[in-house]
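The block underneath contains the structure these notes are about, expressed in structure tokens.
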Amino acid sequence: MSITVHITNIIQENVIKAIQQLYGETIALEQVQVGATRKEFEGNYTIVTFPFTKIAKKKPEEIGEELGAYLVTQVDEIQAFNVIKGFLNLVVSNGFWMDFLERIHHRTDYGQHPANGEKVMVEFSSPNTNKPLHLGHIRNNLLGWSCSKILEAAGYEVVRVQVVNDRGIAICKSMLAWQKFGAGATPESTGIKSDHFVGDYYVLFEKKFQEEFKNWQQSVAGQQVFQSRKKSDQDETTFFKEFKNLYFNEYSALGAEARAMLRQWEAGDAATVALWRTMNGWVYHGFEETYHKLGVSFDKYYYESNTYLLGKDIIEDGLAQGIFYKKPDGSVWVDLTDAKLDHKVVLRSDGTSVYITQDLGTARLRYEDFGVSRMVYVVADEQNYHFQVLFEILKRLGEPYAAGLHHLSYGMVDLPTGKMKSREGTVVDADDLIAEVIAEARANSQERDTLSDVSQAEREDILRKIGLAALKFFIIKVHPQKRMIFDPKESVDLQGQTGPYVQNAYVRIQSVLRKAEDSAQALLKNPKSLEYNTLATDEKDLIAQLYEFPGLIQEAARTYDPSVIAAYCYTLAKSYHKFYHDFPILKAESEAAVAFRLKLCSAIAHTLRFGMNLLGIEMPERM
RNA sequence: GGUCCCGUAGCUCAGCUGGAUAGAGCAACUGACUUCUAAUCAGUAGGUCUCAGGUUCGAAUCCUGACGGGAUCACCA
């Protein structure tokens, strides 16, 4: 976007001048409220005059009249005004809108801000390697991806990373189950997508473990434990449910084997490490396929197997600086009670790391790797407390990037029946879901029969774009902070406030431009459009909406909130659909009108495409 | 129990740095395709913005307190 000052700033500054001249008081910029004029009134921008009544000692209406008169004479872009109660509505001149459209209609990157020299890291996805990706990961990936795109559009250089949790007891469970029951099967030999293949062994382990646990519960040993350890009024079922973890760690044969495997892995046992590499390799292969389908990618992968020992040096730093303290047993703590965050262990008494030690170390490592001034962590809201603690510690340590840390926290995706639970088999698988939405788009398209003349490959590409748009838009349009409900049984909507609705506005424009053929190019360059001086309200509104786009991107970047871009794209598409319905374009009343409307269409198409791209949504040329 | 988040139409969601009559979509009902793609448009109906106080010229929006839902408060990750 050009460096031109937004018109609301011009208005604000002139209101300040007017108040100075008329009433002899100096006010701050923030005191001048300039908003968009509501549809029912005439005008583009509205100033609220109530706050000035004390300064002016006049009625809001009088102030409105006086300010309006001043602005019309002093500001070229303001053509007229009207006052309704305490609201001063300003009408921006046609010339201003026309000039603006002339400047941007050909720009495919309208909305892109110039580089600001700042580098920001966005961490997202961050899966465990024992299970395939599910609906929760989809929300995470979409938020992370669009957040990074928005930051780029706002002028940042972005580094996309993910931290892969590739170690620990969970992957050992899959490994063990495969070793014991797999009989040498591979993803290739079974034809199962490789991350699902590994996930199936994780599920198999849990199944075998449950069987073992059940048998033990009936055994003499199990009953003895129940009798001796149960709390007074606890029944058998409840007791054993709560006892599960302890059983795994202290009684289970399978548990012992899995833990032994983890120890061997940590000791660097060659065979165990080889198996671990093989199975994680399968998982990564499957993940990449899903990422590819989702349209996300990463610049750098951090593996916890490499980073889980990091952070010890930071502990030393913190102790030296007196930020941490050591307990007699050797464990290291931080006192964050003055930040309302309690005491927190940062190193175990045996000298090994806890989760946050690793995160401290990884933060510093990333800074050393990329020199970013900001880091955004896209992680579900169940970790809010963890990130408050992490950021507070990094701040106290005086890390150079500490002021630029942000936790993009998002709510869980619930099913109509409640939470997704893997144990109850209600987890919505990412690959299944993607396939379903595309199938839905296909079914819908067949009824419509508008794509019968395109090639098979092209049609599949279009359907893929439509299906994914439906899914992505549905998720992105909800404010990240809110929990959202997703009903997988009810097929994703393709009509109304949806991705395909926005795509359709774009497709209609492309269709018009195709119809205009050669003349379109000439008309798009035709300065005659400037002679079109009877701008209808709908046309003016469309240009005014386009005008707000760059500012909105900044807003979305500032608040790390992609949902505002989704809302914008929808509103713009809605306005266009109405315009398209009510106004002829190629058969407009004059050559100037045709040229103008084509430029308007072109600008809208570019903006919609750019905006949807920020959400990770591709635009088809037809549908 | 402490802390944090959420509560807006039957359903899914906007609006929340205080401003005009609280907006969309879905579902329901009515109408518009010989005219640039009807995945569209126009209309009807649907609200105690959870509740109660407070601040203000003005509160869905800010403050306090209830109520309801969720998360978290491990030498787990």
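Each chain gets a letter, A, B and so on, in the order its sequence line appears, and its residues count up from 1. Keep in mind that this is a model prediction, so the values were computed, not measured.
Nucleotide B:rC4 forms a Watson-Crick or G-U wobble pair with B:rG70, both donor-acceptor distances falling under 3.5 Å. Under the Watson-Crick or G-U wobble criterion, with both distances below 3.5 Å, B:rA38 is left unpaired in every strand shown. Using the Watson-Crick or G-U wobble rule with both distances under 3.5 Å, B:rG18 pairs with nothing in any strand shown. Base pairing of B:rU12: its partner is B:rA24, meeting the Watson-Crick or G-U wobble criterion (both donor-acceptor distances under 3.5 Å). Base pairing analysis places B:rU55 opposite nothing; no Watson-Crick or G-U wobble pair with both distances below 3.5 Å involves it.
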Starting at the 5' end of nucleotides 54-60 of chain B, put B wherever the base has a protein heavy atom under 4.0 Å, S where only the sugar-phosphate does, and a dash everywhere else.
---B---

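Classification of the A:His577-A:Tyr501 ring pair by plane angle, with boundaries at 30° and 60°, yields perpendicular. In this structure, A:Tyr576 and A:Phe579 have tilted ring planes: the angle between them lies in the 30° to 60° band.
Salt bridge annotation for A:Lys85-A:Glu61: absent, with no cationic side-chain nitrogen under 4.0 angstrom from a carboxylate oxygen. At a threshold of 4.0 Å, the pair A:Lys39-A:Asp541 counts as salt-bridged, since one of the basic side-chain nitrogens sits closer than that to a carboxylate oxygen. Electrostatic pairing of A:Glu589 and A:Arg597 counts as a salt bridge here, judged by a charged N lying under 4.0 Å from a carboxylate O. Here A:Asp414 does not pair with A:Lys419 in a salt bridge; the nearest charged N to carboxylate O distance is not below 4.0 Å.
For the segment residues 477-486 of chain A, the set of residues with a heavy atom within less than 4.0 Å of an atom of RNA chain B comprises A:Val478, A:His479, A:Gln481, A:Lys482, A:Arg483, A:Met484, A:Ile485, in numerical order.
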Give every pair of a protein N or O atom and an N or O atom of nucleotides 33-37 of chain B that lie under 3.5 Å apart, one pair per line with the distance.
residue : atom : partner  : partner atom : Å
B:rU35  : O2'  : A:Lys587 : NZ           : 3.3
B:rC36  : O3'  : A:Lys515 : NZ           : 3.2
B:rC36  : O2   : A:Leu586 : N            : 3.2
B:rC36  : N3   : A:Ile585 : N            : 3.1
B:rC36  : N4   : A:Tyr580 : O            : 2.7
B:rC36  : N4   : A:Phe583 : O            : 2.4
B:rU37  : OP1  : A:Ser511 : OG           : 2.0
B:rU37  : OP2  : A:Ser511 : OG           : 3.0
B:rU37  : OP2  : A:Lys515 : NZ           : 3.0
B:rU37  : O5'  : A:Tyr580 : OH           : 3.4
B:rU37  : O2'  : A:Arg508 : NE           : 3.4
B:rU37  : N3   : A:Met623 : O            : 3.1
B:rU37  : O4   : A:Met623 : N            : 3.1

Got a list of protein N/O to nucleotides 20-22 of chain B N/O distances below 3.5 Å?
residue : atom : partner : partner atom : Å
B:rA20  : OP2  : A:Arg38 : NH1          : 3.2
B:rA20  : N6   : A:Thr46 : OG1          : 3.0
B:rA20  : N6   : A:Asn89 : OD1          : 3.1
B:rA20  : N1   : A:Asn89 : OD1          : 3.4

Any protein N or O atoms within reach of nucleotides 26-29 of chain B? Criterion: under 3.5 Å, listing atom names and distances.
none

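Phosphate contact (OP1/OP2 of B:rC73, side-chain N/O of A:Lys344, threshold under 4.0 Å): absent. Listed pair A:Tyr501 / B:rC41 meets the phosphate criterion, a side-chain N or O lying under 4.0 Å from OP1 or OP2.
Atom CG of A:Leu408 is separated from atom C1' of B:rC5 by 14 Å (rounded to the nearest Å). Taking atom OH of A:Tyr570 as the reference point, atom C1' of B:rU40 lies 11 Å away to the nearest angstrom. The distance from atom CG of A:Leu390 to atom P of B:rU72 is 18 Å, rounded to the nearest whole Å. Put simply, CD1 on A:Ile565 is 13 Å from P on B:rG15, counting in whole angstrom units. As rounded to whole Å, 17 Å separates atom P of B:rG70 from atom CG of A:Asn384. For A:Asp359 and B:rA77, the CG to C1' distance is 9 Å, given to the nearest whole Å. Across the protein-nucleic acid pair, A:Lys340 atom NZ and B:rC4 atom C1' stand 9 Å apart, rounded to whole Å. For A:Asp414 and B:rU12, the CG to P distance is 11 Å, given to the nearest whole Å.
In terms of modelled atom types and a separation under 3.5 Å, the side chain of A:Ser602 and the main chain of A:Leu598 share no donor-acceptor contact. Proximity of a side-chain donor or acceptor of A:Glu447 to a complementary backbone N or O of A:Asn444 within less than 3.5 Å is not detected. A:Trp276 places no side-chain N or O within 3.5 Å of a backbone atom of A:Cys172 that could act as its donor or acceptor partner. With hydrogens and angles ignored, the 3.5 Å screen pairs no side-chain donor or acceptor of A:Glu304 with any backbone N or O of A:Asn128.
B:rU64 and B:rA27: their C1' atoms are spaced 39 Å apart (whole Å). The P atoms of B:rU12 and B:rC57 are separated by 39 Å, rounded to the nearest whole Å. Nucleotides B:rU34 and B:rC16 place their C1' atoms 50 Å apart, quoted to the nearest Å. Distance noted for atom P between B:rG68 and B:rA42: 43 Å (whole Å). Separation of the C1' atoms belonging to B:rU55 and B:rG65 is 15 Å when rounded to the nearest angstrom.
No hydrogens or angles considered: nothing links the side chains of A:Asn140 and A:Ser125 as a donor-acceptor pair under 3.5 Å. For A:Gln495 and A:Thr498, the side-chain atoms include no donor-acceptor pair closer than 3.5 Å. No side-chain donor from either of A:Arg366 and A:Tyr302 sits under 3.5 Å from a side-chain acceptor of the other. Inspection of the A:Thr46 and A:Asn89 side chains reveals an N or O donor paired with an N or O acceptor under 3.5 Å. With 3.5 Å as the limit, one finds a donor-acceptor pair spanning the side chains of A:Gln545 and A:Ser575.
Shown here are the side-chain hydrogen bond (donor to acceptor under 3.5 Å, both in side chains) partners of A:Gln12, two or more places apart in sequence or in another chain: A:Asn9.
Note that A:Lys58 lies outside the cation-pi zone of A:Phe52, set by a 6.0 Å cut-off to the ring centre and a 45° limit from the axis.
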Derivation and outcome, side chain to side chain donor-acceptor pair (under 3.5 Å), residues A:Asp359 and A:His386
CA-CA 10 Å; A:Asp359 266 6; A:His386 170 75; 2.8 Å; yes

Go through A:Lys326 and A:Ser331 one step at a time and tell me if the side chain to side chain contact (heavy atoms under 4.5 Å, CB included) criterion holds.
CA-CA 6 Å; A:Lys326 198 173 261 189; A:Ser331 59; over 6 Å; no

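Each of A:Thr498 and A:Lys327 was matched to the nucleotide of RNA chain B holding its nearest heavy atom; the match closer to the 5' end belongs to A:Thr498. Comparing A:Lys578 and A:Ala567 by the nucleotide of RNA chain B whose heavy atom lies nearest to each, the residue mapping closer to the 5' end is A:Ala567.
Within the nucleic acid shown, A:Asp350 has no heavy atom closer than 4.0 Å to any nucleic acid atom. Contact annotation for A:Ile466: base contact, defined as any heavy-atom pair under 4.0 Å involving a base atom. At a threshold of 4.0 angstrom between heavy atoms, the contacts of A:Val354 are confined to the sugar-phosphate backbone, with no base atom among them. Using a 4.0 Å heavy-atom criterion, one finds that A:Tyr355 contacts the bases of the nucleic acid, with or without backbone contacts as well.
In this structure, of B:rA39, B:rC73, B:rA77, it is B:rC73 that holds the atom nearest to the side chain of A:Asp342.
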